[in-house]
Amino acid sequence: MTRILVADDHPLFREALSGALEPYFENAQIIQAGSLDDALAKLNEFDGVELVLLDLNMPGGEYFNGLITLREQYPSIPVGVVSGSDTVEVVAQVMSLGAQGFIPKVSQTREIAQAIVDIIGGKKWLPEGMEEELDKVDEELKVLLQRFRELTPKQIQVLSYLRAGLMNKQIAHEMNVTEATIKAHISAILRKLEINTRTQAVLLMDKLQLS
């Protein structure tokens with residue numbers, strides 16, 4: 001039995017996608033999750049999941065944290081990102097972070113079905129013409145993507161709070177850690193991104209079009 005996990009915080013989209021895929025995968029078990037924590041729990045509960053269809057911005061998964069966490073904790077399970085944010089910068093980042101495919105939410109059901117078949121079969125899948133667009137990504141952006149890839153999920157979470165304008169004390173409160181821990185995370189972030197200030201970190205996130 002093929003097991004597919006659909007991880008998206010919109011119940012209507014999960015239900016619609018699951019229902020639309022059933023005719024293409026009659027013997028499949030489609031599992032649903034509404035947050036990153038829920039997705040991790042479902043992966044722990046169900047053995048043999050062959051593919052995760054992941055929304056980029058569901059709770060806990062913002063700023064690519066969901067993709068990074070899944071690739072770290074379940075490296076053998078392929079991830080296909082399903083998102084409404086389909087700029088070349090976002091797609092380049094998704095593929096750089098280890099996704100096996102990027103599926104725009106506006107894709108027709110048969111395209112999504114083909115993407116699933118390809119990804120489960122070990123192939124990468126991108127919308128028509130997107131691979132050529134990725135080849136045009138400038139070298140500066142490629143370097144930034146490579147540096148960003150070195151960040152841990154916790155460091156990306158800290159970055160998201162920085163971008164929201166929170167101070168160290170506020171971030172520490174939100175993450176339930178000490179200010180010293182946050183300062184250590186920020187130092188590591190600046191070092192890995194090869195920048196010097198918090199402002200530069202926020203500008204970098206803007207350049208990568210992280211939403």
Please determine whether residues [X] and [Y] belong to a single hydrophobic cluster, defined as Ile, Leu, Val, Met, Phe, Trp and Tyr linked transitively by side-chain heavy-atom distances below 4.5 Å.
X      : Y      : answer
Val49  : Ile30  : no
Leu162 : Met167 : no
Met95  : Ile68  : yes
Leu43  : Leu17  : no

Checklist line | Partners passing salt bridge (Lys or Arg N to Asp or Glu O under 4.0 Å) against Lys105 (at least two apart in sequence or in another chain) | finding: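 Counting only residues at least two positions away or on another chain, Lys105 forms a salt bridge (Lys or Arg N to Asp or Glu O under 4.0 Å) with Asp8, Asp55.
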Next item on the list: Could you pull out all residues at least two apart from Asp9 that satisfy salt bridge (Lys or Arg N to Asp or Glu O under 4.0 Å)?
Entry: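 Scan of Asp9 (salt bridge (Lys or Arg N to Asp or Glu O under 4.0 Å), adjacent residues dropped) gives none.
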Residues that [X] engages under side chain to side chain donor-acceptor pair (under 3.5 Å), provided they are two or more places apart:
X      : answer
Lys192 : Gln155
Asn65  : none
Arg3   : Gln29
Arg191 : none

[X] side chain vs [Y] backbone, donor-acceptor pair below 3.5 Å:
X      : Y      : answer
Ser107 : Pro104 : yes
Asp38  : Gly34  : yes
Gln100 : Val79  : yes

If I compare all heavy atoms of [X] with all of [Y], which pair ends up nearest, and what's the gap?
X      : Y      : value
Val6   : Ser18  : CG2-OG, 4.3 Å
Asn196 : Leu190 : O-CD1, 3.6 Å
Leu36  : Gly60  : CD2-O, 3.1 Å
Pro78  : Ser76  : CD-O, 3.5 Å

Rounded to the nearest 0.5 Å, what separation is found between the [atom1] atom of [X] and the [atom2] atom of [Y]?
X      : Y      : atom1 : atom2 : result
Phe64  : Ser96  : CZ    : OG    : 9.5 Å
Thr69  : Asp37  : OG1   : CG    : 9.5 Å
Leu53  : Ile103 : CG    : CD1   : 5.5 Å
Ile186 : Ile171 : CD1   : CD1   : 5.0 Å
Lys154 : Ile189 : NZ    : CD1   : 12.5 Å
Ile182 : Lys169 : CD1   : NZ    : 13.5 Å

Heavy atoms, side chains only, cut-off 4.5 Å: are [X] and [Y] in contact?
X      : Y      : result
Asn168 : Arg198 : yes
Ile31  : Ile4   : no
Leu70  : Leu40  : yes
Phe148 : Leu159 : yes
Leu67  : Arg71  : yes
Val90  : Thr87  : yes
Tyr74  : Asn44  : yes
Leu5   : Leu51  : no

Identify, with sequence neighbours excluded, every residue that meets side-chain contact (heavy atoms from CB on, under 4.5 Å) alongside [X].
X      : value
Gln108 : Arg110, Glu111
Thr199 : Thr197, Leu203
Ser83  : Leu56, Val81, Ser85, Phe102

Item checked: Pairs satisfying side chain to side chain donor-acceptor pair (under 3.5 Å), at least one member in residues 170-179, at least two apart ->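 Sorted pair list: Thr178-Thr181.
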Next item on the list: Please lay out, stage by stage, how Gln157 and His185 fare under the test side-chain contact (heavy atoms from CB on, under 4.5 Å).
Entry: CA-CA 10 Å; Gln157 189 177 6; His185 278 315; over 6 Å; no
Check: How far apart are the C-alpha atoms of Val82 and Leu54, what are their side-chain angles, what is the distance that settles it, and do they pass the side-chain contact (heavy atoms from CB on, under 4.5 Å) test?
Finding: CA-CA 6 Å; Val82 183; Leu54 177 70; over 6 Å; no
Note to self: Test question: given the 4.5 Å side-chain rule for I, L, V, M, F, W and Y, name all other residues clustered with Val106, or answer none.
What the structure shows: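 ILVMFWY cluster around Val106 holds nothing else.
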Donor-acceptor contacts under 3.5 Å from residues 112-131 side chains, at least two apart:
{"unit_1": "Gln114", "atom_1": "NE2", "unit_2": "Asp118", "atom_2": "OD1", "d": "2.9"}

